[in-house]
Amino acid sequence: MPKHIFVTGGVASSLGKGLTASSLGRLLKQRGLRVTMQKLDPYINVDPGTMNPFEHGEVFVTDDGGETDLDLGHYERFIDENLTRNSNATTGSIYMAVLAAERRGDYLGKTVQVIPHITDEIKKRIHRVATDEVDVVITEVGGTVGDIEILPFLEAIRQYGREAGKGNVCYIHVTLVPSIGPMAEPKTKPTQHSVAELTSRGIQPDIIVCRSKDPVPEALKRKISNLCNVEDRAVINAADARNVYALPLILHDEGLDTVVCDTLRLDPPIDLTSWAAFVDKVEAADKPVKVGLIGKYVDYQDAYLSVVESLKHAGFAHGAKVEIDWIQAEDVEGLLATARLADLDGVVIPGGFGDRGFEGKIAAAGYAREHDIPCLGLCLGLQAMTIEFARNVMGLAGANSTEMAPDTPHPVIDLMHDQRDVSDKGGTQRLGAYYAILEPGSRVHEAYGEPVVSERHRHRWELNAQWKPRLEAAGLRCTGLSPDRRLVEFIELDDHPYWVATQAHPEFKSRPDRPHPLFRELVAHALARHEARTPSLRVVDESVA
């Protein structure tokens, strides 16, 4: 039977429960254990698929088409396992399942209540990922202790611990130790109150992870231990880290995985050699390279979390420190005559929905094409690049997507099927992993090193197959197609350093120590551009001096 770790949080949201849980998952994997992870979210949405990115950040997509919380991206990147839709459960999906069961008569006419019916459904979701193929399941409970909507989840994990028995469950509580006043004195009261709230729900934490700006003194740890009824060694300090990938090493030095293994009666040895070497590589990366990210949600950078991490991963592989220039798509047309775009070493045009900022993405694609700036388009980015090519290379004025302009005279982007009813905002999308066959000798084939690849998708509109012959005749290479050759998955240009796009979301499959090939190649070409421009820039600087 798999062991279970439940991670809760208190005092404030966004403390880093997801990164703490992910780092622990990496440490347990370095001990040779088979690990999977899960997020229980208390919001009533069935999934985050219909949420505005300003509300909840990016929607992370799994291979099986689950639209999930962005924390699953942290999980996959740290433990290097492909998760499924079962790794994310929300209050909405749980109530939906319970109500469907009630309508079917599954409860035999009984009164349906939070306890036991909702809590039983929550426990089913936990059981669902606890397969024979894993040794440890790490479940993060979203929100903070004290939130009214979190109560059924706390009751469910309390029951789970009682049913599983001692030695099979470990409770970790992540809390805040703020520093207040001119002396920046760390305070324990928020932690005390948070733990008191958790214990009032019947859960005594085995471990307390204290988030702080600066390292917490040992005397303060002992105070928390005494007042919160945990062992001294079970008070773990997670001070702000120099980079997130160093966090597993920091938490290991604090003893987190040791206490967890003792609690769960596990004793495999750990080997952190490879991860430590990777972190050294991360910290040694210092070659400057600037990549412009052309987005409509740049004021909330979590909306592009996986894209940002993928760029960092690619930078690590090349010893480069990628600086991201966050460019509001709506502002691009006003920046065309300025130095801001000219100073970029590379451009990423990410995905999205709706027409706001879309013309700016098209303009950015054109600027990158005309000025030989390496450019990578993702999902909607491919569509913007296709439209730009149609308008400015083929001379098709008004070319557009039927999403943005239903009456466009040149619909080079159109609905992938004859699906005009989009009342179900999730039901008409192409979601999850799909295969593509790559054209031998193409840039994407050389990047992947494989003839057939699988990438995750999340979109409705596609490159219009009826326009494919005309686009190709004008020089736009469609270098990756679906197995039935109906759908275009990749495009590129020959007479450009790197102008490549995919209908997929490759950012979801990038790993810290194994960057995605498309991002790796983008950063390689961006570095080449930077290095080619640097001598001339140096001459200009010296002449001015």
Side-chain angles (χ1 to χ4, degrees), residues 5-24 27 40 42 71 74 138-151 153-155 157-158 161 169-244 246-264:
I5 300 167
F6 294 104
V7 180
T8 58
V11 183
S13 60
S14 301
L15 274 183
K17 295 192 306 295
L19 284 171
T20 300
S22 301
S23 299
L24 176 59
L27 290 173
L40 303 178
D71 272 316
H74 289 313
I138 302 176
T139 301
E140 176 192 352
V141 181
T144 59
V145 171
D147 296 343
I148 191 168
E149 62 264 29
I150 204 176
L151 297 180
F153 293 97
L154 296 181
E155 173 61 17
I157 67 171
R158 182 197 69 79
V169 171
C170 177
Y171 295 105
I172 299 175
H173 190 54
V174 182
T175 186
L176 178 67
V177 178
S179 296
I180 298 175
M183 301 300 292
E185 181 184 2
K187 296 292 186 178
T188 66
K189 270 291 188 280
T191 296
Q192 294 177 48
H193 287 301
S194 182
V195 172
E197 178 70 26
L198 185 62
T199 55
S200 74
R201 301 298 171 185
I203 298 172
Q204 168 62 49
D206 299 292
I207 298 168
I208 298 173
V209 175
C210 300
R211 284 285 293 112
S212 62
K213 181 178 179 182
D214 300 307
V216 170
E218 289 298 319
L220 210 70
K221 288 185 182 181
R222 289 193 293 272
K223 180 179 179 181
I224 292 171
S225 165
N226 183 44
L227 293 172
C228 296
N229 195 32
V230 299
E231 295 181 63
D232 286 0
R233 68 186 188 123
V235 179
I236 306 298
N237 184 205
D240 288 353
R242 52 194 181 271
N243 71 75
V244 295
L247 192 55
L249 302 180
I250 293 170
L251 294 176
H252 173 71
D253 289 342
E254 284 282 312
L256 176 61
D257 53 306
T258 301
V259 180
V260 167
C261 286
D262 288 348
T263 303
L264 296 177

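None of the values given here were measured: they were computed from a predicted structure.
For the side-chain contact (heavy atoms from CB on, under 4.5 Å) criterion with P205, the lone passing option out of N229, T199, I172, V7 is T199. The side-chain contact (heavy atoms from CB on, under 4.5 Å) test with I5 is passed by exactly one of V169, T263, L264: L264. In summary, of the residues considered (D257, L247, T258, V260), a side-chain contact (heavy atoms from CB on, under 4.5 Å) with L27 occurs for D257 alone.
Using a distance-only test at 3.5 Å, with no hydrogens or angles considered, a donor-acceptor pair links the side chain of Q204 to the main chain of C228. Without hydrogens or angle criteria, R158 side chain to I203 main chain gives no donor-acceptor distance under 3.5 Å. No donor-acceptor pair under 3.5 Å is formed between the side chain of T144 and the backbone N or O of G10.
Using a 4.5 Å heavy-atom threshold, the side chains of D240 and R211 count as touching. Two residues are said to be in side-chain contact when any heavy atoms from C-beta on lie closer than 4.5 Å; D147 and P42 fail this criterion. Between V230 and D206, the closest side-chain pair of non-hydrogen atoms is not below 4.5 Å. Within the 4.5 Å cutoff, no side-chain heavy atoms of V209 are placed close to those of T175.
To the nearest 0.5 angstrom, T139 atom OG1 is 11.5 Å from F153 atom CZ. Taken from CZ in R222 to CG in N226, the straight-line distance is 11.0 Å, to the nearest 0.5 Å. Annotation: the span from D71 atom CG to L19 atom CG amounts to 7.5 Å, rounded to 0.5 Å. E231 CD to K221 NZ: the interatomic distance, rounded to the nearest 0.5 Å, is 13.5 Å. We find the CZ-CD1 distance between R242 and I250 to be 5.5 Å, quoted to the nearest 0.5 Å. Between the CD1 atom of I236 and the CG atom of L256 there is a distance of 5.5 Å, given to the nearest 0.5 Å.
Under a cut-off of 6.0 angstrom, the local environment of CD1 in I148 is sparse, with at most 12 non-hydrogen atoms contributed by other residues, nucleotides or ligands.
The closest side-chain donor-acceptor pair between D214 and S179, if any, does not fall under 3.5 angstrom.
The residues D262 and R233 are annotated as salt-bridged, a charged nitrogen and a carboxylate oxygen being separated by less than 4.0 angstrom.
Contact between L251 and A238 at its shortest, heavy atoms only, is CD2-CB, 3.9 Å. Closest approach of I224 and C210 over heavy atoms only: CD1-SG, 3.7 Å. Here the closest non-hydrogen pair linking C170 and I207 is SG-CD1, 3.9 Å. Taking each heavy atom of P248 and V244 in turn, the nearest pair found is CD-O, 3.8 Å.
Under the side chain to side chain contact (heavy atoms under 4.5 Å, CB included) criterion, L176 pairs with V11, L15, P178, not counting sequence neighbours. Residues passing the side chain to side chain contact (heavy atoms under 4.5 Å, CB included) test with E197, sequence neighbours excluded: V145, S200, R201.
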Could you walk me through whether I157 and V141 pass the side chain to side chain contact (heavy atoms under 4.5 Å, CB included) check? CA-CA 9 Å; I157 67 171; V141 181; 4.2 Å; yes
